[in-house]
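Protein chains get the first letters and strands the later ones, always in sequence-line order, with residue 1 at the start of each. Just so it is clear, the values below take in all heavy atoms, side chains as well, and ignore hydrogens, waters and symmetry mates.
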Amino acid sequence: LEPREDENLSLLRAARQGDRDAIDGMLKPLYPRLFSFICRYVGSNALAEDVFQESVLRIVQNLKTFVPGNFDAWTFTIARNCCNDFFRRNPTTASLDAPGGEDRDFALKDIVAAAGTFPEAELDRKIEEARLKQALANLPAEQREVVLLRIYGGFSFKEIAKMTECPLNTALGRMHYALKALQKELAEEKTAPAFRWPGRADSSQENGNELR
Amino acid sequence: MNCADAKKNMVEHLLGEMAPEESADLRRHLRECASCNEEFTRLRAGWERISGLPLLQPTPGCIGRVESAIDAIAPPDRAAKRMRVLVPVFGALAAASILLAVGLMFMRPPKPAPVNVPVPAPRQPIVAPAQAAEIPWDTSFDDECAALGEDIRSLASTSTHSSEHGLGFADTTGMSEWDAMAKPSNHIDSSIERLKHDIEEIGTEINDESAQPPENKGSRGKSAPSGTCFAGCADELI
């Protein structure tokens, strides 16, 4: 065993015995990636918080069943299963328009409503983020999960295929179609009419772009 | 490599998971096939945009709820862990307590000064005046009677002091409170006065009898003593 793996094993042993510091040491570094995956997969920060909590609890409860190996893949698999359970329980809520509460990851319509309150650079970043979020939400769930497992989990396609219980070529095909669909949707948005911000000149006209 | 194989391998090539020799074949095909090249360009653009999605942080409130939930479902071995921590702590405390107790045994502080609590002196019985002890054994009966009369008179005089205390104890330090609590009523005072009077009378009669001529001394048991009671008794005896 490499020193790092040995260290992880001792951490895992302590976490299995209920050592809270060990549990935190194993899980807390994963929180941002796990939460981002769940949030993008479910489509709403507020809904994602419940799924995130359920995922972490399920991870802690099942620590004793984890066979030492790829801990990240194991936790993301549990998070994915929690998301799919959520979709089964709430088949109509996987949408950006779901009630977001104090959602920090604004939907496009919210950004339009609050356009006057952001600096221009921040506004552009938020618009791009909202578009990507919208494009992701429009993907089929099986394509979306492959994209998100790659982005936030950093897993290989062999690992993704194993996690999603599909052949490698299927995982590769889903990614291929997802990227084509994303690029197509995002390219169409570029040529679509720009939003008119309250009190601002039309940026597309300033840039010389034609509007349709 | 044909177009179908190229499209199949585009994602692996894009994300760097393709073997080097296969990547070289694909690059060669992309240079030769405009259609595949265009598709690969779209895939790369899509990946570059979507991979720019920022990380999201769960809110502190969300993390707090998660941690509370973890506390609630802590694995059962957590109690054992607590015991592993607590047992040495309590063991150390017990050892420290034993050491402290042993230290106190050897380093006992000086005895504190006794508290001055008024303790009543042991009760002393009423003793006869000193004269009674001084009566010689070889004195005659008349002398004894005379001495006894004197004793009774002196006792009667001391009973005035005793009656003030009610219990007849010698006046000792600390008795005043007890005596005050046990102060007799006026009825007891009057009874004591009567008793004093009777004792004085008895003492006087005994003295008078002892002062009679010697010829009468032998018949002292038959002579009628003075006083109503004794006179009545004498009459009955005669």
Side-chain angles (χ1 to χ4, degrees), chain A residues 14-20 23-24 27-28 31-40 45 48-50 52-54 56-57 60-61 63-64 102 104-105 125 128-129 131-133 135-136 147-148 150-152 156-158 169 171-176 178-187, chain B residues 3-19 22 26 35-36 38-86:
Chain A
R16 281 174 171 172
Q17 290 173 348
D19 187 331
R20 184 56 192 274
I23 292 173
D24 287 347
L27 290 184
K28 276 197 172 177
Y31 279 179
R33 292 196 293 138
L34 266 180
F35 182 74
S36 300
F37 168 78
I38 293 168
C39 190
R40 302 297 185 199
N45 285 22
E49 288 191 351
D50 292 337
F52 174 69
Q53 181 174 332
E54 185 185 344
V56 174
L57 291 186
V60 174
Q61 282 172 328
L63 271 177
K64 289 189 175 180
E102 295 178 1
R104 290 168 294 113
D105 191 16
R125 192 185 63 78
E128 172 70 2
E129 197 175 316
R131 280 178 172 160
L132 292 173
K133 190 178 171 185
L136 264 177
V147 172
L148 292 174
R150 178 72 190 191
I151 293 174
Y152 292 117
S156 68
F157 282 97
K158 281 185 183 174
N169 283 337
L172 287 169
R174 285 174 181 172
M175 186 69 168
H176 187 110
L179 291 179
K180 271 179 76 173
L182 283 171
Q183 176 56 25
K184 185 181 177 188
E185 183 162 343
L186 293 170
Chain B
C3 289
D5 289 340
K7 286 180 182 175
K8 187 179 167 186
N9 294 328
M10 276 182 188
V11 169
E12 280 186 295
H13 174 67
L14 175 66
L15 299 177
E17 291 191 18
M18 207 171 190
E22 289 180 321
L26 180 61
S35 170
C36 287
E38 187 183 349
E39 183 157 350
F40 183 77
T41 305
R42 281 203 298 267
L43 290 180
R44 186 166 57 194
W47 174 248
E48 284 173 356
R49 288 192 71 179
I50 202 70
S51 61
L53 272 173
L55 272 178
L56 301 174
Q57 297 286 344
T59 60
C62 176
I63 290 178
R65 285 192 296 277
V66 167
E67 290 183 347
S68 300
I70 291 174
D71 287 337
I73 59 138
D77 285 351
R78 190 165 192 186
K81 189 215 170 193
R82 283 186 186 140
M83 287 303 292
R84 283 199 301 275
V85 173
L86 290 178

N/O donor-acceptor pair under 3.5 Å between A:His176 side chain and B:Lys7 backbone: yes
For B:Val11 against A:Leu172, the heavy-atom pair lying closest together: CG2-O, 3.9 Å
Contact check, side chains of A:Lys184 and B:Arg42, non-hydrogen atoms, under 4.5 Å: no
Where on A:Asp50 is there a heavy atom nearer than 4.5 Å to chain B: the side chain, the backbone, both, or neither? neither
Contact leader toward chain B among A:Ala178, A:Ser156, A:Ala181, A:Ala14, where contacts are heavy-atom pairs under 4.5 Å: A:Ser156
Considering only heavy atoms from C-beta outward, does the side chain of A:Leu27 approach that of B:Val66 to under 4.5 Å? no
With a 4.5 angstrom heavy-atom cut-off, which part of A:Glu128 approaches chain B: side chain, backbone, both or neither? side chain
At a heavy-atom separation under 4.5 Å, does A:Leu34 approach chain B through its side chain, its backbone, both, or neither? neither
Greatest number of non-hydrogen atom pairs under 4.5 angstrom with chain A, of B:Met10, B:Glu39, B:Lys8, falls to B:Glu39
Can you tell which of A:Leu136, A:Val147, A:Ile38 has the highest number of heavy-atom pairs within less than 4.5 Å of chain B? A:Leu136
Please report the closest heavy-atom contact between B:Leu55 and A:Pro32, naming both atoms and the distance. CD2-O, 3.9 Å
Say you draw a straight line from OH of A:Tyr152 to CG of B:Leu56; how long is it, rounded to the nearest 0.5 Å? 5.5 Å
To the nearest 0.5 Å, what is the distance between CD1 (A:Ile23) and CG (B:Asp71)? 9.0 Å
Flag the pair B:Arg49 and A:Glu185 as a salt bridge only when some basic side-chain nitrogen lies within less than 4.0 angstrom of an acidic carboxylate oxygen. no
Taking A:Gln61, A:Arg33, A:Gln53 one by one, which has the highest count of heavy-atom pairs under 4.5 Å against chain B? A:Gln53
Interatomic spacing from CE in A:Met175 to CD in B:Glu12 - rounded to 0.5 Å: 11.5 Å
Do the side chain of B:Glu17 and the main chain of A:Phe157 share a donor and acceptor less than 3.5 angstrom apart? yes
dist B:Ile70:CD1 -> A:Asp24:CG (nearest 0.5 Å) comes out at 6.5 Å
Comparing A:Val56, A:Leu63, A:Leu57, A:Leu182 against chain B, the one with the most heavy-atom pairs below 4.5 Å turns out to be A:Leu57
Rounding to 0.5 Å, atoms CD1 (B:Ile63) and CD (A:Glu49) come to a distance of 9.5 Å
When the 4.5 angstrom heavy-atom criterion is applied to B:Leu15 and chain A, the contacting part is both
Are the side chains of B:Trp47 and A:Ile151 in contact, using a 4.5 Å heavy-atom criterion? yes
Roughly how far, to the nearest 0.5 Å, is the CZ atom of A:Phe35 from the OG1 atom of B:Thr59? 6.5 Å
In short, B:Cys62 meets A:Phe52 closest at the heavy-atom pair SG-CD2, 3.6 Å
Smallest heavy-atom separation, A:Leu179 atom then B:Gly46 atom, equals CD2-C, 4.1 Å
